[in-house]
Structure formats: structure tokens, C-alpha cells
Amino acid sequence: MKKPNIKTDLPGPKARELLARDALVVSPSYPRDYPFVMSHGKGAEVWDVDGNRFLDFAAGIAVCSTGHSHPAVVQAIKDAADRFLHISSDYWHEGQIRLAERLNELSPMEEPVMSFFAQSGTESVEAALKLARYTTGRGRFIGFLGGFHGRTMGSLSFTSSKYTQQKGFFPSMPGVTHVPYPNNYRPLFAGADQGHAVLRYIEDVLFASNVPASEVAAILIEPIQGEGGYLVPPDGFLQGLRELCDRHGILLIFDEVQTGVGRTGKMFAAQHWDVAPDIMTLAKGLGSGLPIGMVVAKRSIMQKWTRGAHGNTFGGNPLCCAAALATIDVIEREYCANAAKVGDYFIRRLRELASRSAFIGQVRGKGLMIGMELVTDQTSKQPAKKFCDALITRAYHNGLILLSCGASTVRFMPPLVIDESDVDEAITLLERSLLEVLEVLEREPIR
């Protein structure tokens, strides 16, 4: 098993110097958790500027899907850069056309699709919202509490995973109504099936008393909720949401920015439940680290956009398209199946760990999108936020890069290239970190 190689105090001297320079010139708005200053990476390993080696199970927030600097992706970028760097969306190039063709081949829509090109997840969501309004003539939307869809003003209207994302920016785009995301571990409604309860709430309460269904353009949802806690919806929920949308002429938008392109062990998370959205947004892992986003919609919908209805400058950038094409090829050929296989092993190992810890409330996920929710005790299930934050920081000091989500969930989103030995190393570092945090907090209440 590969061993961590932490050579200095963290942060080390070179990192401290860069952090001091950063504080003078870079926006303080970035929500950074601990002082990791990267030098380089390969696969699932990263090194900081002081030569300390870490196992990266955050992957740039699920972006480095093929690992750091995958040779096929790097070569595709180099080849594209030798030809040209930019042409703008006013013209055509084969890489952009081929990438749209690949999404048409792979999409879960069950009918031909067309694509709009962007640079990020939030821009993809903005375009999807505009498309829904434009083609339906309706102005309202429904989103889900706990969702994260971006930070620009339209997508921010849906984002509700933390109040700090909204604080100071009111008013955002009007017309968005939020409903609970079904969570059987933390039920808000009566009954064992929270998915069915949420559907009844939308149909029998919301549409009956507050929001005219005939004015709703679309429902926007993450097939597996990301920032809200890596929540896997109950079976039948997404199918029921599809049926509800069809009854009322509402478009169904799946935000697959974090879940898409092999992350969950299928090319798209929607395919776990055989549900076809009308519109789908992609970004993050699509470009293996290069900034690219896409809106993929049924051709019958997107072809209603007229010339000039929407556009941008950098959409379809040739380097980003080349990276995405190479990424899709290697994920389809190898890493999607690997995510499913290694993800199953990882979940088993985490559940074994949970059986020895009273503070691990639930392990959930699909593929290599896995959440481990921490609680103060198994009875009250009170979120153990202080414990979660301390664990993330302690893992960093032990050589494991992690991030949290939800109230107190550790999320694991490693590159899709990892193998079982990487999981074993991560579990060793995680368990060591858990024990060290417990030693520090044993005289303090876990909150």
C-alpha cells in the first residue's frame, strides 16, 4: 500500500509564503477549509509546494474525473493547442460538433438531443432556465431545499444548501419555489416513503394552494443531491417526478453537473432509475479539469431557440472540447465501470468502519459519489458539525484530501481511476483521523 509522505508541518514554509501573498490580492470569498497549496498531481495523488504527498479524494470538487493530468487528456489538449486556441461561437469547428454528436449518442433522453456549450456549471444552469422559459412561455420554477446549482443570479435562486450562499444577494431571480428533497434518513413528512410524500406535497398542496401548475416552466433537480448531503433519492421518486411533469406540461431538468460523466457508476445518474429528463446540465468532470459546461436538451425543445436567443464568447472552446472528448472516451471505455466496481468496495469498507463507530450515522451513495453522515448519537441523529469539520482538517494533516457537504457529511468524490488499494489507504487514513479527533474532543461535547 502506498504510504503518505508528509515531510513538513502543515502548511509548510513555501505554502505559508504563498498564502500570505494570496491574502493581499485574492478575493476572501472563496470557502477554503484548510491550507493545501498544490504543486502537481498524477492520478489520485497530489503534492503540495513543500513536497508533501496527499491522496486526493476530492478531485477538485468532482472535476478531475480521469485523475490529475491523465495522459490521453493532456495529449488531446496539446494537440488542440497546436491548431488554434479560440474561434468564438460565431463560427464552427469539428471538435465542438463531434462533442455534441457524442452527447447525442450517450444521452439518457431516449430521443435525439442538441447541445449548448458553456464554461461552467452555473452558466449551464442559467442557459437551461432560459431555454425552459423561452420554449414554454411560463415564468415559474420549482427547486429543492439543499440543492446547489451555482452562484450567478439565476442559478442562485435555486441554490439552498447553505444560507451564506444567499445572504446579501436578495433579490435574486423571482418565481422559484422550493420543496424538500426526499430524505428517508431525516424524514420531514409522515410515512416511510419520503419520495411519495414530496410528490404528494407538490401535487396536492403546492399546486392546489400556492403555485399554479400551468405557470411552471420546469422543475430543476439533482438526481443525487450534492452539496445538500450526497442524498440518494428513494426509488420511484424520480419516476414519479417525471410523471408529474408530464401531467402538467412541465419540463424536467436534471442538474448532472456533479453526478454526470461516470461519477455514479453510470454515464449519467438518471440512468440508475431509467428516467429521461427534458434538459440536462453538465460540467465538472466533463473536461477533466478544463472549464466546460453543456446544456443537453431534447432536439424537439432546443430547436425552438431562434438565432440570437442565447449565446456566449467562449462556449465550445477547442481545448475544452478536446479535453471533454478524450475524457468521455476513457470514461466510457474503462472508468465508468471502474467507478461502479470500486465504489461498491468503498461503500462496503465505509460501512464496516461505521459498524465500529457510534458517530457514523449513515453511509450512502452510488459509484464514487459517496457520503458518510456524522451524528452525535444514533438515536437523535443530531448532525455532528464540529466533529465533521475537525475530521476534514485532521485528514488533511494525515495526507487525505476531503471535503464536507450537508450539515455534517463527509463526501468522497475521488478520481474515477482509483483502485481498491487507494480505497484501503483512504480508509486507513480516515480511521486514524477519526481516532485522533475523538482523542481531542473526548472532553468536549460533539456538535
J.: Under the salt bridge (charged side-chain N to carboxylate O under 4.0 Å, His left out) test, which residues partner K130, sequence neighbours left out?
T.: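 So K130 forms no salt bridge (charged side-chain N to carboxylate O under 4.0 Å, His left out) with any residue.
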
J.: Under the rule for ring pair (Phe, Tyr, Trp, His ring centres under 6.0 Å), what residues qualify as partners of F148, not counting sequence neighbours?
T.: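 Applying ring pair (Phe, Tyr, Trp, His ring centres under 6.0 Å) to F148 gives none.
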
J.: Mind checking side-chain contact (heavy atoms from CB on, under 4.5 Å) for S27 and listing every partner two or more places apart, or none if nothing turns up?
T.: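 With neighbours one apart ignored, the set is S29, Y30.
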
J.: Mind listing the side-chain donor-acceptor pairs of residues 339-349 below 3.5 Å, one per line with the distance, residues two or more places apart or on another chain?
T.:
residue, atom, partner, partner atom, Å
Y345, OH, D424, OD1, 2.5
Y345, OH, D424, OD2, 3.4
R349, NE, E352, OE1, 3.4
R349, NH1, D424, OD1, 2.6

J.: Can you tell me if E425 and S421 form a side-chain donor-acceptor pair at under 3.5 Å?
T.: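 The criterion, which ignores hydrogens and geometry beyond distance, is not satisfied for S421 and E425.
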
J.: Using ring pair (Phe, Tyr, Trp, His ring centres under 6.0 Å) as the criterion, list what pairs up with W273, not counting sequence neighbours.
T.: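 So W273 forms no ring pair (Phe, Tyr, Trp, His ring centres under 6.0 Å) with any residue.
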
J.: Going by distance alone, is a donor N or O of one side chain under 3.5 Å from an acceptor N or O of the other, for Y134 and T306?
T.: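 A donor-acceptor contact under 3.5 Å links the two side chains.
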
J.: Run the side-chain contact (heavy atoms from CB on, under 4.5 Å) test against S300 and tell me which residues pass, sequence neighbours left out.
T.: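 side-chain contact (heavy atoms from CB on, under 4.5 Å) check on S300 returns E111, K298.
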
J.: Name all residues meeting the ring pair (Phe, Tyr, Trp, His ring centres under 6.0 Å) criterion together with F170; count only those two or more places apart in sequence or in a different chain, and write none if there are none.
T.: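 Here no residue qualifies.
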
J.: Hey, are R140 and E215 close enough for a salt bridge, meaning a charged N less than 4.0 Å from a carboxylate O?
T.: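 Answer for the salt bridge query: yes.
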
J.: Could you check whether H178 and F144 have their ring centres less than 6.0 Å apart?
T.: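 Not under 6.0 Å, so no.
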
J.: Who pairs with E332 by salt bridge (charged side-chain N to carboxylate O under 4.0 Å, His left out), at least two apart in sequence or on another chain?
T.: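 E332 satisfies salt bridge (charged side-chain N to carboxylate O under 4.0 Å, His left out) with R102 once adjacent residues are dropped.
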
J.: For Y335, enumerate each residue passing the side-chain hydrogen bond (donor to acceptor under 3.5 Å, both in side chains) test, keeping only those at least two apart in sequence or located in another chain.
T.: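 Residues passing side-chain hydrogen bond (donor to acceptor under 3.5 Å, both in side chains) with Y335: H70.
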
J.: Holding to salt bridge (charged side-chain N to carboxylate O under 4.0 Å, His left out), I want the full list of residues that pass it with R364, two or more places apart in sequence or in another chain.
T.: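 Partners of R364 under the salt bridge (charged side-chain N to carboxylate O under 4.0 Å, His left out) test: E373.
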
J.: Taking side-chain contact (heavy atoms from CB on, under 4.5 Å) as the test, write out the residues that go with Y91, two or more places apart.
T.: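 Y91 satisfies side-chain contact (heavy atoms from CB on, under 4.5 Å) with I87, S88 only.
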
J.: Going by the rule salt bridge (charged side-chain N to carboxylate O under 4.0 Å, His left out), which residues pair with E243 if we only count those two or more places apart in sequence or in a different chain?
T.: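 None.
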
